[in-house]
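Okay, so here's the structure we're looking at.
This one's a predicted model, so the numbers in the text were calculated from it and none came from an experiment.
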Amino acid sequence: MDQSESDVIIVGGGVVGSTLALLLGEAGWQVAVVDAAPAPAGDAPLGQGKPALRVSALTAASQRLLMALDVWPWIASRRVSAYRGMQVWDAEGSGEIDFDADEVGVDALGHIVENDLLLAGLARRLQSLPNVEWLHEVRVTGYERRESAARPGTRHASDAVITLDDGTQRRAPLIVGADGANSPLRAMAGIPVSERETGQAAVVTTVRTAVGHGAVARQAFLATGPLAFLPLTVDGRDDHCSIVWSTTPGEARRLTALAATDEGRAQLGIELARGLGERLGDVEVIDAAPHFPITQRHAQRYVDDGLALIGDAAHSLHPLAGQGVNLGLMDAAVLAEEWVRARRRGAPPGDRRILVRYERRRRNENAAMLAAMQGFQRLFGSRQPALRLARNWGLSGVNRLTPVKRLLIRQALGEYGDLPERCR
């Protein structure tokens, strides 16, 4: 069996795994990425025509990371959609809060980026690094730790060994699980995870609106869950939005089925316009509307001997704040920062003290965000009159408190906590 060695093996080549590969590859590490997905389709016409269904709302901190990695300019030259304002309101009452970039002196509160375009930008940069090896359409079927001090010529006292579905093996002193919310590697390593079913599913689609969005992201809290209209700029026009509608599983199935026919899409457009309080006029659904269950997960630990979890493999949360990918990018940046600093000091690869520092810097911040999302869902999902009154008063009250609003805007920009250097 082949037992090729690398400094680090990253299992999962999505946005977060690719970002970590680029951070470590630029620092001179020998990196292997094991990815179940096929290789990118070459020079596909990304950023043209109808927007992709899956998008991410990137914070300013995430944008700065991608700028430092020379990924952002290429993406921005294709298609990104900046939003300067945010409106959040309770559709069951009168509470509303509005945010504007001018309140904190920034050009934008964030950017909506199609996931396919983001992945292509990362892949383009990774292709320029000869020390990054990418294994496409390969799955991990086994994981173990092996002592290696007795083997002549071995650099490491202990290695992780993964077995691939073609029977080959790869080894490294460090291994990272970036393989998603249902992480097989996390399960193989025996790391427990806390799960909480939210009782909701998220429907995603793309729409065209009669009234331009004006670079404002909008979210209405409905009786069944939040409905978000994320602004997209297509061919210089502001009449497109990406939709994330969190609702009950049964309602999500109904909405998905509506999008399967022309007549159904027209009805779905009517319901979307009504859900947003007609703020953008008539709504035309221009794509399918798949849905997926919303489950919050948090690994009980992020690290083991020579193993770290990042992104959805470590934590997955409700999409109502759009923070999932941003938390994952911060995981990647902190983990790379700790490893690169330690290597400069001569620390051995796989040193548990390095991994513990990463876990300490990230787990508490991610836990706080998970708790906040759980609290928001419970608060806005409640039908109790007292809670409805409190949340409407709270939204309207905060909207009048400029210092508090500025603090919340800084949170939305991702400018909080122990930020890694390349995100400041």
Scan the side chains in residues 9-18 for donor-acceptor partners under 3.5 Å anywhere in the protein, sequence neighbours excluded, and list what turns up.
residue: S18; atom: OG; partner: G13; partner atom: O; Å: 2.9
residue: S18; atom: OG; partner: G14; partner atom: O; Å: 2.8

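- Between R145 and D159 there is no salt bridge, since no side-chain nitrogen of the basic residue lies less than 4.0 Å from a carboxylate oxygen of the acidic one.
- Rounded to the nearest 0.5 angstrom, I162 CD1 and E144 CD are separated by 11.0 Å.
- The pair R170-E133 meets the salt-bridge criterion, with a side-chain N (NZ, NE, NH1 or NH2) lying under 4.0 Å from an Asp/Glu carboxylate O.
- In this structure, R363 has no salt bridge (charged side-chain N to carboxylate O under 4.0 Å, His left out) partners at least two apart in sequence or on a different chain.
- Tested against R84 for a salt bridge (charged side-chain N to carboxylate O under 4.0 Å, His left out), the candidates D238, D102, D107 yield a single pass: D102.
- Partners of E421 by salt bridge (charged side-chain N to carboxylate O under 4.0 Å, His left out), not counting sequence neighbours: none found.
- Between the side chains of Q200 and S246, no donor-acceptor pair of N or O atoms lies under 3.5 Å.
- When the side-chain hydrogen bond (donor to acceptor under 3.5 Å, both in side chains) test is applied to T233, no partner is found at least two apart in sequence or on another chain.
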Test side chain to side chain donor-acceptor pair (under 3.5 Å) applied to S183 and D179, step by step: CA-CA 5 Å; S183 171; D179 51 343; 2.6 Å; yes

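- With 3.5 Å as the limit, one finds a donor-acceptor pair spanning the side chains of N326 and S62.
- One side chain, E197 or T295, offers a donor N or O that lies under 3.5 Å from an acceptor on the other.
- Applying the salt bridge (charged side-chain N to carboxylate O under 4.0 Å, His left out) test to E195 and every residue at least two apart in sequence or in another chain returns R297.
- No more than 12 heavy atoms of other residues, nucleotides or ligands sit less than 6.0 Å from atom CZ of R353.
- Contacts classified as ring pair (Phe, Tyr, Trp, His ring centres under 6.0 Å) and involving residues 286-310 (residues at least two apart or in different chains) are given here: H298-Y302.
- Using modelled atom types and a 3.5 Å distance limit, the side chains of N366 and D331 yield a donor-acceptor pair.
- A heavy-atom distance below 4.5 Å is not found between the side chains of H213 and F229.
- For the pair L135 and D35, the minimum side-chain heavy-atom distance is 4.5 Å or more.
- A salt bridge links R361 with E337: the closest approach of a Lys/Arg side-chain nitrogen to an acidic carboxylate oxygen falls below 4.0 angstrom.
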